[in-house]
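These notes are about the structure you will find just below.
Keep in mind that the numbers below use all heavy atoms, side chains included, and drop hydrogens, waters and symmetry copies. Each chain gets a letter, A, B and so on, in the order its sequence line appears, and its residues count up from 1. Since this is a predicted model, take the numbers as computed values, not measurements.
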Protein chains: 2
Amino acid sequence: MTETAAGLGRRRGRPPKAEAGDTKGALLQAALTLFAEKGYEGTSVRAIAREVGLSESVLYAHFDSKRAIFDAVLAELGPPSAVAVLEALDPTLADDPPAFVRTLVARILDEWAAPQSRQLISLMAQDGLIHDPALTAEIRVSVGSLAVQFERWIAAGYLAADLGSPWDLAYALMSPIALARVLWLHGAAKPEELAIARERVARHAELFVKAVFRAAADTQYADTQ
Amino acid sequence: MTETAAGLGRRRGRPPKAEAGDTKGALLQAALTLFAEKGYEGTSVRAIAREVGLSESVLYAHFDSKRAIFDAVLAELGPPSAVAVLEALDPTLADDPPAFVRTLVARILDEWAAPQSRQLISLMAQDGLIHDPALTAEIRVSVGSLAVQFERWIAAGYLAADLGSPWDLAYALMSPIALARVLWLHGAAKPEELAIARERVARHAELFVKAVFRAAADTQYADTQ
DNA sequence: ATTATCTATAGATCTATAGATAATGC
DNA sequence: ATTATCTATAGATCTATAGATAATGC
């Protein structure tokens with residue numbers, strides 16, 4: 001099962017050094033897996049311990065309570081910010097808005113398609129955290145930091161200023177991607193669901209680029225007519 | 001609490017006709033409320049019965065098992081389709097795409113802001129049903145039926161054919177609204193959250209109308225320049 | 001006789017703790 | 001002495017059922 005697991009026939013007492021692993025880390029990962037699959041109430045402390053191959057009371061040596069395990073999962077494996085993805089982008093890409101948008105969208109999808117990221121969204125979907133103010137706030141921050149980029153593009157004349165506020169533009173770009181995450185990028189997603197999400201999101205990026213950067217595209221369009 | 005409730009001091013035996021109410025309906029509504037608030041595992045059969053002011057075993061007179069209650073909640077109070085909203089729209093509105101889009105979006109929001117609708121999305125968010133194939137399928141159908149309208153508009157020349165497929169357009173319009181539902185239109189949403197959702201979605205509709213029906217808007221735009 | 005309710009309870013969990021045991025590291 | 005594990009168990013649920021009770025409707 002896991003690296004630490006040595007089965008249930010383990011003998012009493014502290015195990016020899018050779019057998020010791022990252023028990024706490026293994027417990028956290030097992031907790032994430034089970035919470036994502038069955039929800040908080042649907043997961044027993046016993047089940048988490050058994051998943052790692054230990055007895056349930058070990059868990060209380062590492063965490064104060066069941067709730068503390070849940071909180072630790074969120075805190076330690078918690079949501080990787082979309083802002084980080086944005087900041088990691090090559091700044092020179094900003095001179096080519098369509099390329100910037102395509103790259104950004106692809107990178108976000110890479111991030112959200114990772115197994116742990118998918119388990120986290122499932123955990124949130126299992127336990128009402130989708131409605132959590134923390135998530136709404138996180139989305140506000142992400143959209144806000146993308147809005148800054150749109151503001152620059154408007155100032156630079158890459159797109160019409162009358163379309164909507166930078167924030168509206170950022171929301172129109174990001175929210176279809178966020179929805180794809182909720183619908184298809186869950187813990188138990190099959191490869192074909194990942195592919196659907198990826199295509200859906202790529203198509204959205206194309207539509208967005210064409211509709212929003214039309215001013216620039218129009219010139220090209222007029223040329224070919 | 002509820003119409004049926006007569007407190008815990010109720011005497012044994014079948015209650016007189018005057019006191020009888022729609023027990024099954026009250027149990028279903030109580031179940032929806034609690035499942036939406038605390039999730040399936042977080043809600044006990046006892047808690048549902050107590051909410052209605054009855055003892056827990058009454059529930060087994062109406063439903064075979066706890067799971068059967070949950071299924072009945074979904075089946076009887078289940079998702080009101082967005083397709084119904086679309087079909088209820090005045091067909092003559094289709095000649096004015098911007099008005100059509102604004103009206104559609106407002107009507108969907110009315111639907112999703114209703115208390116029972118919000119409790120349902122919370123129930124789904126509490127129990128991993130957000131990832132359920134049934135919901136994904138429902139969204140596919142809704143977007144699909146809206147795509148038909150976009151196809152007509154493209155044929156009628158209301159918008160450029162090269163923007164994206166009718167399906168892409170429908171997804172770009174609907175998914176930010178669907179995300180708003182998940183984020184703000186939950187069971188415990190405060191009036192200010194409902195207002196945020198409504199404004200967010202209205203602003204999105206405006207942006208969408210301007211960006212997508214630009215061909216039509218451009219004429220107007222050129223006039224004023 | 002049937003229906004709608006109640007009380008009581010069996011049997012299966014679940015969380016959390018107490019106390020035992022054995023390896024580690026000073 | 002400390003740390004990491006185990007076994008055993010207390011006490012609190014939870015689901016589901018059995019059997020009692022009283023009103024209803026034939």
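The distance between atom CG of B/L54 and atom C1' of C/dA4, rounded to the nearest whole Å, is 9 Å. One atom, CZ of B/F63, and another, C1' of D/dT15, lie 16 Å apart when rounded to the nearest Å. Rounded to an integer number of Å, the gap from B/R50 CZ to C/dT7 C1' is 11 Å. Regarding B/K38, its NZ atom lies at a distance of 14 Å from the P atom of D/dT13, rounded to whole Å. Regarding B/R67, its CZ atom lies at a distance of 13 Å from the P atom of D/dT15, rounded to whole Å. Remark: P of C/dT15 and CZ of A/F70 are 14 Å apart, rounded to the nearest angstrom. Across the protein-nucleic acid pair, B/L59 atom CG and D/dC14 atom P stand 14 Å apart, rounded to whole Å. When rounded to the nearest whole Å, the span between CD1 of A/I69 and C1' of C/dT15 equals 10 Å.
With respect to B/V201, the side-chain contact (heavy atoms from CB on, under 4.5 Å) criterion is satisfied by exactly one of B/L109, B/I196, B/I108: B/L109.
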When you compare the protein's N or O atoms with those of nucleotides 8-12 of chain C, which come within less than 3.5 Å of each other, and at what distance?
none

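In terms of the ring pair (Phe, Tyr, Trp, His ring centres under 6.0 Å) criterion, A/Y60 has no residue partners (sequence neighbours excluded).
Comment: A/R203 engages A/E199 in a salt bridge, judged by a side-chain N to carboxylate O separation of less than 4.0 angstrom. A salt bridge links B/D110 with B/R198: at least one charged nitrogen is closer than 4.0 Å to a carboxylate oxygen.
Which of C/dC14, C/dC6, D/dA4 sits closest to the side chain of A/S44 comes down to C/dC14.
Positionally, the nearest nucleotide of DNA chain D for A/A61 lies more toward the 5' end than for the other of B/Y60 and A/A61.
Of all non-hydrogen atoms in A/P98 and A/V209, the two that sit nearest each other are CB-CG1, 3.6 Å. Residue B/L28 comes nearest to B/E76 through the heavy atom pair CD1-OE1, 3.3 Å, listed as atom of the first residue, atom of the second, then distance.
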> How does DNA chain D look in dot-bracket form if you count Watson-Crick and G-U pairs under 3.5 Å, write [ ] for pairs that cross, and put | where a base pairs with another strand?
Replying inline: ||||||||||||||||||||||||..

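Regarding contacts with the backbone of C/dT3, every side-chain N or O of B/H62 stays at 4.0 angstrom or more from both OP1 and OP2.
Judged by the 6.0 Å distance and 45° axis criteria, B/R140 is not positioned over the aromatic ring of B/Y171. In this structure, A/R102 is not positioned above the aromatic face of A/F208 in the sense of NZ or CZ being under 6.0 Å from the six-membered ring centre and within 45° of the axis.
Note: B/W167 and B/F150 fail the aromatic proximity criterion, with ring centroids not under 6.0 Å apart.
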